[in-house]
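These numbers were taken from a predicted model, which means no experiment stands behind them.
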Amino acid sequence: MRIRFALLVLILATLASAQTKRSVQWEELTAAAFRDAIAESRGTCLLPIGILEKHGPHLPLGNDLINARAASLAAAQQEYAVVFAPYYFGQIFEARQQPGTIAYSAELQMKLLQETTDEMARNGCKRIIVVNGHGGNTNLLTYFAQTQLARPHDYVVYVYGGRDRSQTGPPHKTPIATDMHAGESETSLSMATRPDLVHQDRAASESGADQERLKLPPGLYTGIWWYARFPNHYAGEGAAGTKELGDFELNAWVSGIVQSIKAVKADNVSLQLQKEFYEKAQHPLDTRP
Ligand SMILES: [Zn+2]
């Protein structure tokens with residue numbers, strides 16, 4: 001009888017803890033739970049951003065969205081933050097010649113980012129970390145962060161596109177310089193997040209080699225550079241990917257996001273400096289050294 005009672009207590013305690021463990025996903029929360037989630041996260045929200053584009057002959061179109069979300073969700077579970085719904089409205093003009101690419105206009109990319117972060121902030125996300133999962137978004141997101149100074153906002157936009165590189169991982173089998181898109185590292189990462197979507201047996205069916213069709217001196221940029229080098233929208237060798245490297249890469253990403261969430265929660269300087277800046281920008285002639 002006593003054992004049965006102890007078992008009952010254990011079951012009830014497990015149920016209670018399952019109920020109190022709040023989801024980190026915006027779309028899974030009830031309105032009331034969302035209010036509590038914003039309080040628990042101290043207004044810290046993640047906006048993982050991916051893309052829909054070809055990923056070599058062997059990875060899914062939504063690869064970067066899938067991986068950015070996997071890393072963000074794992075990080076938010078370690079250090080609580082609210083994770084925004086799936087978002088893939090980034091920059092990908094350079095893959096428009098490939099099937100399955102969704103390339104929204106530049107104007108819409110910027111407008112949608114601004115309205116999304118404005119709406120997130122109106123709902124209490126005063127610290128927004130955009131977690132980038134797609135290399136082609138890098139300049140867009142930096143530019144978006146810069147444009148936040150154009151008019152006052154009562155929130156701060158941070159962009160995280162890095163990894164925690166404090167640990168040494170398994171050695172790479174292919175040259176890192178050309179392991180850029182659907183190659184060894186990215187294929188490995190997807191083997192860790194969604195192995196069911198990785199068709200590694202097809203990875204060598206197209207070339208991911210640098211075709212070096214355009215010679216320009218260092219520092220001189222043109223938009224067609226990527227197509228000139230990698231017309232198959234594939235850079236590297238996906239066949240070299242391993243689950244071991246993928247687990248390491250995923251951990252490095254999750255750890256980097258966790259560190260970012262902690263730093264952002266502790267950052268009381270950025271918002272205050274933004275306020276001071278917006279105020280001074282109203283009357284620049286009064287600004288003196
Ligand atoms: Zn990718």
Side-chain angles (χ1 to χ4, degrees), residues 14-52 59-90 102 104 109 112-134 137 141 144 155-164 189-198 246-247 249-265 267:
T14 311
L15 278 175
S17 88
Q19 274 170 358
T20 52
K21 193 152 177 10
R22 192 177 293 121
S23 175
V24 299
Q25 293 182 239
W26 188 297
E27 71 275 19
E28 290 186 358
L29 296 162
T30 63
F34 179 82
R35 187 184 287 125
D36 296 339
I38 290 295
E40 185 180 344
S41 69
R42 299 189 55 210
T44 307
C45 302
L46 304 184
L47 174 57
I49 173 166
I51 204 76
L52 294 176
L59 295 177
L61 296 169
N63 195 75
D64 295 351
L65 176 68
I66 291 164
N67 289 342
R69 289 192 64 78
S72 296
L73 292 172
Q77 276 150 11
Q78 282 181 42
E79 179 65 37
Y80 196 84
V82 177
V83 181
F84 192 71
Y87 190 101
Y88 51 86
F89 316 107
I102 295 293
Y104 292 103
Q109 291 167 36
L112 205 50
L113 269 173
Q114 192 68 70
E115 291 205 12
T116 300
T117 56
D118 283 354
E119 279 298 280
M120 289 172 77
R122 194 176 62 79
N123 282 285
C125 297
K126 301 301 181 190
R127 306 160 190 265
I128 299 175
I129 308 173
V130 184
V131 178
N132 187 19
H134 165 60
N137 285 340
L141 296 177
F144 176 66
Y155 63 94
V156 181
V157 171
Y158 306 83
V159 178
Y160 186 68
R163 302 282 189 275
D164 172 5
L189 186 63
S190 302
M191 290 167 88
T193 59
R194 286 296 302 273
D196 56 314
L197 299 177
V198 179
D247 287 338
E249 286 294 322
L250 183 59
N251 283 337
W253 198 358
V254 172
S255 168
I257 301 170
V258 167
Q259 286 170 25
S260 299
I261 298 172
K262 286 181 179 167
V264 161
K265 282 181 179 172
D267 177 15

*What pair of heavy atoms forms the shortest contact from Y160 to G256, and how long is it?*
OH-CA, 3.2 Å

*Do the ring planes of W26 and F84 sit parallel (below 30°), tilted (30 to 60°) or perpendicular (above 60°)?*
perpendicular

*Is it the case that more than 12 heavy atoms not belonging to Y88 sit under 6.0 Å from its OH atom?*
no

_With K262 via salt bridge (Lys or Arg N to Asp or Glu O under 4.0 Å) - residues at least two apart_ = none

*Quick one: CD on Q25 to CG on L73, what's the gap to the nearest 0.5 Å?*
4.5 Å

_Looking only at side-chain N and O atoms, does Y158 offer a donor or acceptor that is under 3.5 Å from a partner on S260?_
no

*asked:* Please check this pair: side chain of Y80 against backbone of I38, looking for a donor-acceptor N/O pair closer than 3.5 Å.
replied: no

_Distance in Å, L113 CG paired with Q109 CD, rounded so as to fall on 0.5 Å steps_ = 8.0 Å

_I'd like to know if the side chain of K126 and the backbone of R42 have a donor-acceptor N/O pair within less than 3.5 Å._
no

*For R194 and D196, work out which heavy atoms get closest and say how close.*
NH2-OD2, 2.8 Å

*Can you tell me how far OG of S190 sits from CG of L197, rounded to the nearest 0.5 angstrom?*
8.0 Å

*Have Y155 and D118 got a donor and an acceptor in their side chains that come within less than 3.5 Å?*
yes

*How long is the span from the CD1 atom in I129 to the CG atom in L46, to the nearest 0.5 Å?*
5.5 Å

*Return the set of residues passing salt bridge (Lys or Arg N to Asp or Glu O under 4.0 Å) with D164 (not counting sequence neighbours), or none when no residue passes.*
none

*Without swapping roles, check the side chain of Y87 against the backbone of G90 for a donor-acceptor pair under 3.5 Å.*
no

*Identify the two heavy atoms, one from M120 and one from C45, that lie closest to each other, and give their separation to 0.1 Å.*
CE-CB, 3.7 Å

*Within the distance-only criterion (no hydrogens, no angle test), does the side chain of R127 pair as donor or acceptor with the backbone N or O of V264 below 3.5 angstrom?*
yes

_Nearest atoms (heavy-atom pairs only) where G50 meets N137_ = O-ND2, 3.5 Å

*Any chance you could lay out the side chain to side chain contact (heavy atoms under 4.5 Å, CB included) test for V24 and V82, step after step, and finish with the verdict?*
CA-CA 5 Å; V24 299; V82 177; over 6 Å; no

*asked:* Between L47 and V83, is the side chain to side chain contact (heavy atoms under 4.5 Å, CB included) condition met? List the steps.
replied: CA-CA 6 Å; L47 174 57; V83 181; over 6 Å; no

*Can you list the steps and then say if V258 with S255 is a side chain to side chain contact (heavy atoms under 4.5 Å, CB included)?*
CA-CA 5 Å; V258 167; S255 168; 5.7 Å; no

*Does Q259 offer a backbone N or O that forms a donor-acceptor pair with the side chain of E79 under 3.5 Å?*
no

*asked:* I'd like to know whether I257 forms a side chain to side chain contact (heavy atoms under 4.5 Å, CB included) with S72, so could you lay out the CA-CA distance, the side-chain angles of the two residues, the decisive distance to 0.1 Å, and finally the verdict.
replied: CA-CA 7 Å; I257 301 170; S72 296; 4.2 Å; yes

_Heavy-atom donor-acceptor pair, R69 side chain to I49 backbone, under 3.5 Å_ = no

*Shortest non-hydrogen contact from I128 to A121?*
CD1-N, 4.3 Å

*Could you grab the distance from atom CG of N67 to atom OG1 of T193, nearest 0.5 Å is fine?*
3.5 Å

_Minimum heavy-atom distance V131-A68, with the two atoms named_ = O-CB, 4.3 Å

*Any chance you could measure I51, atom CD1, to H134, atom NE2, to the nearest 0.5 Å?*
4.5 Å

